[in-house]
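So the structure is just underneath, and the comments pick up after that.
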Protein chains: 2
Amino acid sequence: MSNAAEGTRTVVMERVFPHAPEKVWRALTESQLVAQWLMKNDFEPVVGRKFQLRSEPVPNWDGVIDCEVLVVEPAKRLSYSWSTMGMASEVLFTLSPADGGTRVRMEHSGFPQDNDAAYKGATYGWQSFLGKLDTVLAGLK
Amino acid sequence: MSNAAEGTRTVVMERVFPHAPEKVWRALTESQLVAQWLMKNDFEPVVGRKFQLRSEPVPNWDGVIDCEVLVVEPAKRLSYSWSTMGMASEVLFTLSPADGGTRVRMEHSGFPQDNDAAYKGATYGWQSFLGKLDTVLAGLK
């Protein structure tokens, strides 16, 4: 998706999970669960909370993402900033009822038009993360 | 190591491997061997050859490094450019005789002073790569 006005692109993905919004919300906001599908973290669902996501370092990147919680509306919306490799972006999850479960819309915005590698990496990353989220939810009571 | 004149930093590592320079050279320049300790690649030891190193994508990076061979002096020096995440850098391997083997000096230069994450990632990466190179050499006849 392109956003010509700001010259940035947004990665958008939607998945319907066969679970109640409250359960999906737990997986999005409980640090130990987030660690299972996204990355190691010191997240807390409090607006203004600064936290880090940490993955394995790769050449030219130390694996650290600096974040700050922007929006917390239980079982409805969660947003945080996502800053790494000198690039500032934002992630927004929107939960809504769907037949047999909860629709999760993930929007990761702020990718510069000229940074195709970042956009591709995020696209690949979120496909993987949301797949693991599905697994985590399946194992959650 | 800092290079105040150009405002960049260089990752420098040295290892002595208990093998002849010709064997170390093979591990540095045969594509299938390079894939075992560094990354998947279409490298060929020919000056001017453009090739890619490819690792798994991570969020914000597609895992692709664009390279060009700059120096090929068999069993002595190998250099290639290393461009990724909008950052241009260069790698230089220098081989020299050492007691019981070959000293390999790896210099990866061109890290901007203000990009600590890139420098840290490269430091972590090369420690890992050179450790795997040691393993590859041990298994090479």
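To find a chain, count down the sequence lines: A is the first, B the second, and so on, and within it residues start at 1.
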Who in residues 80-91 of chain A is close to chain B, using a strict under-4.5 Å heavy-atom cut-off? A/Trp82, A/Thr84, A/Met85, A/Met87
Per-residue contacts, residues 123-141 of chain A versus chain B, heavy atoms under 4.5 Å: A/Tyr124, A/Phe129
Sort by residue number and list every residue of residues 13-46 of chain A having at least one heavy atom under 4.5 Å from chain B. A/Met39
Listed by number, the residues in residues 50-68 of chain A that come under 4.5 Å of chain B (heavy atom to heavy atom) are A/Glu56, A/Pro57, A/Val58, A/Pro59, A/Asn60, A/Trp61, A/Asp62
